[in-house]
Each structure stands twice: as structure tokens, then as C-alpha cells.
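Working notes, structure below.
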Amino acid sequence: MTLSKFNNALKAASHETTRLMSAQLRSEAQASGWPSHVSRSLRVNHDKDGFNVHLPKKHYETIMDLEYGTPDTQPTAAIRRFKNRQDESEHFFVSRLEKHFGDL
């Protein structure tokens, strides 16, 4: 297998996994009662450091208040709960990687 084919398989599996993880993250935020416009803006990215939650700058303060609470509100930790449930996403990534390797 060439490096190019390996990179293509990795890129495809990463893209499919970030789509799944982003949907799961948004669902977790919605289930926690986060405002729709905030939960819809959440996504997961993949880079050299792995899969990471992207927090849009325009909603950053709201997200932090929702995630960790304020002096007047209880936290609704959607992101931390999402991060604690990564096993399914890891298995999905491996299965997609295996599929794309088989396609080469």
C-alpha cells in the first residue's frame, strides 16, 4: 500500500467519523436542554491531535456557561458527557478505516 492510498483511507474514515461524532455531540447538547442555535453550531474536527470538539467563537461564552454553570445556573455538561462516551466512535473509526483499506 502506498502512502497516498493510506492517507486517502485515513482521510475518508476521519471524515465519516467526525460526521458521526458531530451528530452525537449535537444530540447530547439538545438532550441537555442547550439552545438549538448553540447545539447546531457544535462540531467535531480531526487533526494531528485526534478528534476534538470545536467551540465556535460566537457561542464560546454561552457554551462555557452551559457546560460549567454560572453562579446562578447549574451546569449542563453535554461536552464532558459526550467525551466520556467515545468508545462507540473509536470502534466506528476503526471499522471505517478497515473498510477503506479493503477498498484500496
Side-chain angles (χ1 to χ4, degrees):
M1 173 183 297
T2 67
L3 185 58
S4 175
K5 289 180 180 179
F6 174 81
N7 284 335
N8 288 340
L10 182 60
K11 183 177 179 180
S14 297
H15 174 71
E16 292 164 353
T17 304
T18 59
R19 287 181 55 203
L20 171 72
M21 293 175 76
S22 293
Q24 291 172 332
L25 174 60
R26 289 182 200 116
S27 179
E28 186 70 51
Q30 289 172 343
S32 295
W34 288 27
S36 294
H37 71 283
V38 175
S39 60
R40 283 192 316 261
S41 72
L42 298 172
R43 72 177 185 271
V44 175
N45 294 332
H46 182 259
D47 58 28
K48 64 180 176 58
D49 297 324
F51 294 97
N52 298 293
V53 174
H54 169 76
L55 304 178
K57 289 180 183 180
K58 70 180 182 179
H59 298 303
Y60 185 82
E61 287 185 39
T62 301
I63 291 169
M64 290 296 104
D65 289 347
L66 290 164
E67 183 72 17
Y68 296 101
T70 68
D72 300 320
T73 62
Q74 293 292 317
T76 53
I79 296 170
R80 288 178 285 166
R81 274 199 314 274
F82 165 77
K83 286 183 175 185
N84 287 332
R85 298 183 193 148
Q86 294 299 305
D87 288 347
E88 178 185 333
S89 299
E90 291 170 3
H91 292 305
F92 181 80
F93 174 70
V94 170
S95 72
R96 300 313 300 165
L97 196 55
E98 288 172 344
K99 183 230 181 268
H100 290 293
F101 280 148
D103 290 345
L104 300 177

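Considering CG of Leu55 and OG1 of Thr62, their distance stands at 11.5 Å, rounded to 0.5 Å. Note that NE2 of His100 and NZ of Lys11 are 12.0 Å apart. Values are rounded to the nearest 0.5 Å. In this structure, OG on Ser22 lies 15.0 Å from CZ on Arg40, to the nearest 0.5 angstrom. If you take OG on Ser41 and CD1 on Ile63, they are separated by 5.0 Å, rounding to the nearest 0.5 Å.
Ile79 and Leu20 fall into different hydrophobic clusters, where Ile, Leu, Val, Met, Phe, Trp and Tyr are joined by side-chain heavy atoms under 4.5 Å apart, directly or via other members.
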Quick one: side chains of residues 85-93, donor-acceptor pairs under 3.5 Å with protein atoms, not counting sequence neighbours, listed by atom name and distance.
{"unit_1": "Arg85", "atom_1": "NH1", "unit_2": "Glu28", "atom_2": "OE1", "d": "2.5"}
{"unit_1": "Gln86", "atom_1": "NE2", "unit_2": "Phe82", "atom_2": "O", "d": "2.8"}
{"unit_1": "Glu88", "atom_1": "OE2", "unit_2": "Gln24", "atom_2": "NE2", "d": "3.1"}
{"unit_1": "Ser89", "atom_1": "OG", "unit_2": "Gln24", "atom_2": "OE1", "d": "3.0"}

Passes side-chain contact (heavy atoms from CB on, under 4.5 Å), Glu98 versus Val94? Steps please. CA-CA 6 Å; Glu98 288 172 344; Val94 170; 3.8 Å; yes
side-chain contact (heavy atoms from CB on, under 4.5 Å) assessment of Lys83 paired with Phe51: CA-CA 10 Å; Lys83 286 183 175 185; Phe51 294 97; over 6 Å; no
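Of the possible polar contacts, one joining the Arg26 side chain to the Leu42 backbone as a donor-acceptor pair under 3.5 Å is found. Within the 3.5 Å criterion, the main-chain N or O of Arg43 finds no donor-acceptor partner in the side chain of Asn45. For the pair Thr70 (side chain) and Asp72 (backbone), a donor-acceptor distance under 3.5 Å is present.
Side-chain contact between Arg80 and Pro75 is present, with at least one heavy-atom pair separated by less than 4.5 Å. Counting only heavy atoms from C-beta outward, the side chains of His15 and Arg96 never approach each other to under 4.5 Å. Two residues are said to be in side-chain contact when any heavy atoms from C-beta on lie closer than 4.5 Å; Asn52 and Asp47 meet this criterion.
By the side-chain hydrogen bond (donor to acceptor under 3.5 Å, both in side chains) test, Thr18 is found to be paired with no residue, residues two or more places apart in sequence or in another chain being considered.
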